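Only one structure is covered here, and it is reproduced in the block below.
Counting starts at 1 for both ligands and their atoms, following the listed order. Source: prediction; values computed, not measured. For the numbers below, each heavy atom of this structure counts, side chains included, while hydrogens, waters and symmetry mates do not.
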Amino acid sequence: MNRNETLSALKNKPAVSVLIVGGGINGIGTFRDLALNGVDILLVEKGDFCSGASAASSHMAHGGIRYLENGEFRLVREAVRERNLLLQNAPHVVKPLPTAIPIFKRFSGLLNAPLKFFGMLDKPSERGSIVIKLGLMMYDAYTGRQRTVPKHRFFSRKKSRARWDQLNPQVINTAVYYDGAILQPERLAVELILDAEAENPRARALNYVSMVGGSGDTLILRDELTDNTYDVHPKLVINAAGPWIDFTNHKLGLSTRFIGGTKGSHIVVRHPELRKAIGENEFFFENEDGRIVLIFPLYDHVLIGTSDIPVEHPDEAQCTDEEIDYFLKLTRRIFPGLSVRRDDIVFQFSGVRPLPRSTVKAASQVSRDHSIEVLSGDWTNLRFPVYSLVGGKWTSFRAFSEQVTDKALAHLGSKRQKDTRSLPIGGGRGYPRDPEELRRQVESLSAWTGVARERLKLLFERYGTRAETIATYMNGGTDFVVKGLPDFSLREIVFLAQHEKVCHLDDFLLRRTMLAMLGRVTREVIEELARIIGNALGWTEEQKAAEVRRTLALLADRHAARL
Ligand SMILES: Cc1cc2nc3c(=O)[nH]c(=O)nc-3n(C[C@H](O)[C@H](O)[C@H](O)COP(=O)(O)OP(=O)(O)OC[C@H]3O[C@@H](n4cnc5c(N)ncnc54)[C@H](O)[C@@H]3O)c2cc1C
């Protein structure tokens, strides 16, 4: 069923077992798990899928080494396991990431953990090599028997300089350990939705539909593309609205204060020397002020972040000039010989972490754990319970979703039939891990579809084994290279537009592809894509022009793109 068919079906049959509000990774993960277990379920997302906190991540699948210091051992154990499962189940998007920690001091930070334990640490400070070594030994112990990634290594000043010749000579040691890079989180989220819908025809996910109110046994939804409203009658509502959770509960007459969000921003720079200087490593370290920051290899660009600033309203999150200064300064601290300037920034973004409201003094010390807050009973004025999904990380979405699904199944009186632990995601299904096997698959697909080998390699890089479906589609009609984007073709774009729930032009630029984030869009490219996608989705000429204006405004306002 397409979007319009789903909405008209809702008019005729408004009853649904579970309604999920919010299409970020936690809502989508739960949607997939419930769909797999045969539940009739509707997910609504007020914008595009994965356009909230889930679009603002640092792209790391990580165990959270620093949570050890907070004594959050359960969280680290879970996150390390989930990181390993992501590497296994989504190998087309999640890659092992060697992570280097440059260290400037030897003894600093020894007291952090005990002070934190007694609640006496109100401001984080930079950790020295001894504390980092201890932390990494514990982290390795958690990674333990699974051996998905190698153990950490420690390098002297001299060896560090030999590995990274641009590194600040004041660095006394570097430690290298392994985590994972989620290269295209937004694509992973869409693939989870497509998997779920393919598995269960009674599972439907709609973007650009908001939950706007409700009482008794009814919720009111609004189609943001047409302004039409729809009543639904769920047995259970899952509020997965991330940093908007309290606002969403409020729409149902529920006054909650579950979230105490903090804003985090990033910049993406095009700087070949910096990209070369970091190699394939992420640099992940505590800045002078004790904040955790990163310099991350994102394809041929570099991602730099992030901040951790308390905010009241998630809609206000914008990357500010002060944050940019901070990011440029921290980069200079690690690579003082390289001049990275504002002009090198091709994209910037910001989002709010849906952290639990907390009384700790420093934002970075708020727990990154997740919980389900249940609201039910006569006082709510609702005839269904509402589960609010508080906190969580991209890395551990599967475990959180599993917990929510178990609880929802128990409420519905159903039993779990399938689990997601070893379930490949989207183009991760059958993805060749061995380069030789990948070469063979490309070779045979090229012979079969007539698509050139170089193009196929790119398709595998972008879409994993979904490249097979896309290449077959490309072969089914006249295809040609797109003006301004020589590595994209017309039918590839049409396929994504028609099969991956694209509603607006920016869905395609920001979340189905990396085009915007890697600074590959010009005004001409935007116009060309509006024409191709508009024709594929049946837009009028006015709609195409409106989409161009909307995209230009969005890129300028939220992402500081100069077009
Ligand atoms: C700066 C930053 C860096 C991070 N880095 C990492 C990292 O490297 N690794 C990691 O594992 N995690 C990271 N995280 C954490 C992770 O990204 C988030 O915890 C996770 O994405 C939260 O997902 P969510 O689904 O709960 O919320 P969201 O992604 O915000 O989803 C909630 C959705 O609900 C929608 N919504 C709100 N109200 C309504 C309504 N009334 N009707 C319909 N829809 C509604 C919103 O539009 C939104 O899309 C980072 C987070 C941030 C902000």
Please indicate whether any nitrogen or oxygen in [X] is less than 3.5 Å from any nitrogen or oxygen in ligand 1.
X: Leu389; answer: no
X: Met60; answer: yes
X: Trp394; answer: yes
X: Ser58; answer: yes
X: Lys46; answer: yes

- Do the ring planes of Phe335 and Phe283 sit parallel (below 30°), tilted (30 to 60°) or perpendicular (above 60°)? perpendicular
- Of all the heavy atoms in Thr262, does at least one lie under 4.0 Å from an atom in ligand 1? no
- Message: Under the rule for ring-ring contact (aromatic ring centres under 6.0 Å, His included), what residues qualify as partners of Tyr299, not counting sequence neighbours?
- Response: none
- So between Ile20, Thr30, Val212, Val21, whose heavy atom ends up nearest atom 40 (C) of ligand 1? Val21
- Message: Judged on heavy-atom distance to atom 29 (O) of ligand 1, which of Ser54, Ser51, Ser210 sits nearest?
- Response: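 Result: the heavy atom closest to atom 29 (O) of ligand 1 is in Ser54.
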- Query: Which residue pairs pass the salt bridge (Lys or Arg N to Asp or Glu O under 4.0 Å) test with at least one member in residues 499-509, sequence neighbours excluded?
  - Reply: Arg187-Glu500, Glu197-Lys501, Arg466-Glu500, Asp506-Arg511, Asp506-Arg550, Asp507-Arg511
- Query: Would you call Lys393 and Glu82 a salt bridge, using N to O less than 4.0 angstrom?
  - Reply: no
- Message: Tell me the contacting part of His59 for ligand 1: side chain, backbone, both, or neither, using a 4.0 Å heavy-atom threshold, strictly below.
- Response: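 Backbone only.
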- Using heavy atoms and a threshold below 4.0 Å, how should the contact between Ile25 and ligand 1 be classified: side chain, backbone, both, or neither?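 It is both backbone and side chain that touch ligand 1.
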